[in-house]
Amino acid sequence: MQIQSKLPDVGTTIFTVMSKMAQEHGAINLSQGYPDFDPDPELIERLMHHARSGRNQYPPMIGILELRRAISAKLGRRSEIDVDPETEITVTSGATEALFCAVSAVVRPGDRVIVFDPAYDSYDPAVALAGGETVHIPMALPDYRIDWDELEKHLDDRVRMIIINSPSNPSSGILRPDDLDRLAQAIRSLNCFVLSDEVYEHIVFDGEAHASVLTHPELRRRSFAVFSFGKTYHVTGWKIGYCIAPPELTGEFRKIHQFNVFTTSTPMQWALADFLESNPGNYIELPAFYQAKRDLFRSLVAESRFELLPCAGTYFQLADYSRISDMKDTEFASWITQEKGIAVIPLSPFYRSAPDTRIVRFCFAKQDETLAEAARIINAI
């Protein structure tokens with residue numbers, strides 16, 4: 001029997017490839033984006049409590065009400081945003097599932113979806129599976145800003161969705177309020193939706209504030225906003241996120257969600273609901289926490305032959321290795337992992353047409369001792 005692949009150009013994600021290589025060669029894994037430290041002990045205690053208290057069966061398809069109410073309360077405290085937990089919030093099995101459901105909800109065969117390269121690698125396959133066509137617009141180095149004039153050149157009635165990501169993985173760039181204004185202006189006359197990937201919402205540096213589509217009244221009416229508990233509470237393996245959208249969009253989103261995963265881990269939802277209630281301001285500490293790690297890592301490798309690019313958010317640091325090698329980034333990533341013991345992520349897999357640059361991504365969501373040991377190796381290259 002022969003199978004005609006729906007994703008003929010898709011292989012194993014670069015994250016899986018590099019983490020596997022790191023494990024095989026005993027390398028320090030600064031590739032895949034996850035912490036090597038534990039979450040708050042109270043969060044683990046709450047998980048164990050609910051698992052032992054019999055909360056192990058199916059929860060409501062859209063997420064337990066207690067967690068949705070806690071999310072709504074958090075948004076109200078932080079940004080004075082009024083979000084209805086019944087009609088606008090859906091708990092998902094990770095942000096990736098939410099992204100997939102949002103694309104599937106509104107993109108039809110023949111529709112176009114615009115993304116900005118370097119773009120997170122789950123966007124393009126989700127669009128392809130919906131029958132859409134992805135249009136890739138590159139961002140400008142070194143700070144990876146969107147060229148809004150270039151966007152307008154690609155806009156027509158076939159554009160059904162624009163995907164934005166701030167803070168951006170892998171570029172570490174951020175959008176600001178004036179960027180959201182430009183986006184709103186550009187699509188004002190179009191029947192076009194916005195998918196806003198905001199999973200690193202609390203990891204923004206140097207006194208900047210996160211600019212969310214939820215705080216922009218015009219964009220909010222046509223947007224899906226996706227968030228992640230894993231990034232906020234250092235529990236990426238729990239795979240719990242959520243999507244906020246207007247009631248009409250949420251209704252379509254939930255139709256996809258219920259036949260995709262149906263629902264999400266019960267005791268983990270209860271644990272997060274408890275933690276949000278007992279630690280309502282926990283996330284406020286995240287920018288300073290990760291900025292300290294960013295600054296530590298940058299200072300530790302400042303004398304290396306890597307040229308560090310700006311890092312405005314996320315827990316990723318891009319670095320240009322042109323002074324070290326002229327190898328392509330995928331070759332360099334394999335070499336530095338296997339020969340030097342530091343696993344990194346090459347940037348070219350995040351492009352439709354990668355520029356001729358020599359850039360890799362380091363993850364600094366690690367213990368200080370891990371970063372110090374990694375820096376010792378990096379400085380010797």
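In this chain, numbering begins with 1 at the start of the sequence shown.
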Hey, can you tell me if [X] and [Y] have their rings parallel, tilted or perpendicular (30° and 60° cut-offs)?
X      : Y      : result
Phe289 : His234 : tilted
Tyr290 : Phe37  : tilted
Tyr242 : Phe229 : tilted
Phe362 : Phe306 : perpendicular
Tyr321 : Phe332 : parallel

As a test of understanding, state which of Asp124, Thr134, Asp117 forms a side chain to side chain donor-acceptor pair (under 3.5 Å) with Arg352. Asp124

Decide, yes or no, whether a salt bridge links [X] with [Y] under the criterion of side-chain N to carboxylate O below 4.0 Å.
X      : Y      : result
Glu88  : Arg220 : yes
Arg108 : Glu133 : no
Asp326 : Lys328 : no
Glu42  : Arg46  : no
Arg182 : Asp149 : yes
Arg69  : Glu66  : no
Lys231 : Glu201 : no
Lys239 : Glu97  : no
Asp111 : Arg158 : no

Evaluate the side-chain proximity of [Y] to [X]: yes if any heavy-atom separation is below 4.5 Å, no if none is.
X      : Y      : result
Glu208 : Ile174 : yes
Phe253 : Thr92  : yes
His257 : Met61  : yes
Asp156 : Arg112 : yes
Ile359 : Asp329 : no

Flag yes if more than 12 heavy atoms outside [X] fall under 6.0 Å of its [atom1] atom; otherwise flag no.
X      : atom1 : value
Glu24  : CD    : yes
Asp82  : CG    : no
Asp157 : CG    : no
Glu152 : CD    : yes
Gln367 : CD    : yes
Arg52  : CZ    : no

Are the aromatic rings of Tyr200 and Phe316 close, with centres under 6.0 Å apart? yes

The test is salt bridge (Lys or Arg N to Asp or Glu O under 4.0 Å); show your working for Asp356 and Arg358 and say whether it passes. CA-CA 7 Å; Asp356 187 23; Arg358 303 290 181 268; 2.8 Å; yes

Of the non-hydrogen atoms in [X] and [Y], which two are nearest, and what is the gap between them?
X      : Y      : value
Pro167 : Ile203 : CG-O, 3.7 Å
Phe224 : Ala102 : CG-CB, 3.7 Å
Ile336 : Ala333 : CG2-O, 3.4 Å

Between [X] and [Y], is there shared hydrophobic-cluster membership here, with clusters defined by ILVMFWY side-chain heavy atoms closer than 4.5 Å?
X      : Y      : value
Leu190 : Ile114 : yes
Ile62  : Ile64  : no
Ile256 : Leu195 : no
Phe100 : Val127 : no

On the ring face of Phe364, is Lys293 found with NZ or CZ under 6.0 Å from the centre and within 45° of the axis? no

Report the C-alpha separation of Arg298 and Gln317 in whole Å, then their side-chain angles, then the decisive distance to 0.1 Å, and conclude whether the side chain to side chain donor-acceptor pair (under 3.5 Å) test is met. CA-CA 8 Å; Arg298 289 177 66 95; Gln317 174 65 61; 2.9 Å; yes

